[in-house]
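Written out below as C-alpha cells is the structure these notes cover.
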Amino acid sequence: MSADVNPVFCQNGPDMRLNSTAIVEKIVNERVKFDHPYTKDPNAGGIRVELNGQTIGVMLIEGIEVPGDGIAARVTAVAVAPDWERRGVGSVLLGMIPQVVPARLVYGGCEMAAAAFCQRAGFDALAEGEILYMPLGNGAAFKSSNEYYPLWFVRHS
C-alpha cells in the first residue's frame, strides 16, 4: 500500500460519523452480511481507510467501559471495497485498534473463511461454538448465535 493511505479515526458526532459519505455506507451495506441494528449503526465510531481521498475500507467499533476495570472494544463490522480486497486494507484497519481504543479486550465475530486472516492480524480465533469469556467486571460469557459470523476473534492486552 502506498504512502497516500490515510487511516482516519471517527467517533460519534454530527461531523465525524463514519457514514458521512455515501461510499462508506455503500461498502458496509454491500460487504457485511449480518443485518442487525448494532452491526451497521450509522452513528458508530470506527476507522476508515482512505487512499488519495477515496474511502477503500471501514471498520465499525463499539466500546464497552466497565468502571474501574477497563474497556472492551467490539468490532461490529469490517468492510473493504471489492477492488481493494486482499491488499492489506483489513490488516491496516485491525492494526489501528490499539492506537485509537485503549481496550483490555478487543473482540468480534467472523466467518469461518476469515479465521486465518484474524490470526495473522494478531487475534485468537475461537472454534465454532466456543464460548467467549469477557475478563472485565464480574465477567460474562458469550456464545455466538450468528449464522453468518459464527466464530469469535479476540485479543487481550
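All values below come from the heavy atoms of this structure, side chains included, with hydrogens, waters and symmetry mates left out.
The side chain to side chain contact (heavy atoms under 4.5 Å, CB included) check on Glu130 picks up Leu126, Ala127, with sequence neighbours excluded. Partners of Phe117 under the ring-ring contact (aromatic ring centres under 6.0 Å, His included) rule, at least two apart in sequence or in another chain, do not exist in this structure.
Here CG of Leu105 is found 5.5 Å from NE2 of His156. Values are rounded to the nearest 0.5 Å. Atom CE of Met112 is separated from atom CG of Leu151 by 5.5 Å, given to the nearest 0.5 angstrom.
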Margin query: Please evaluate residues Ile61 and Ile47 with respect to the criterion side chain to side chain contact (heavy atoms under 4.5 Å, CB included), reporting the C-alpha separation (whole Å), side-chain torsions for both, the decisive distance (0.1 Å), and the verdict.
Written below: CA-CA 8 Å; Ile61 306 169; Ile47 301 168; 4.2 Å; yes
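Closest heavy-atom contact between Glu111 and Tyr149: N-CD2, 3.5 Å. Nearest heavy-atom pair across Met134 and Ala72 is SD-CB, 4.1 Å.
Listed by first then second residue, pairs satisfying salt bridge (Lys or Arg N to Asp or Glu O under 4.0 Å) with a partner in residues 92-102 number zero, not counting sequence neighbours. Within the structure, ring-ring contact (aromatic ring centres under 6.0 Å, His included) contacts touching residues 87-110 (residues at least two apart or in different chains) are Tyr107-Trp152.
Judged by distance alone, the side chain of Arg155 and the main-chain N or O of Ala121 form a donor-acceptor pair under 3.5 Å.
Between Val80 and Ile56, the closest side-chain pair of non-hydrogen atoms is not below 4.5 Å. Between Val75 and Phe153 the shortest side-chain heavy-atom distance falls below 4.5 Å. Counting heavy atoms from C-beta on, the side chains of Val154 and Val106 never come closer than 4.5 Å.
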What donor-acceptor contacts under 3.5 angstrom involve side-chain atoms of residues 93-104, with partners at least two apart or in another chain?
residue	atom	partner	partner atom	Å
Arg104	NH1	Asp69	O	2.8
Arg104	NH1	Asp69	OD1	2.6

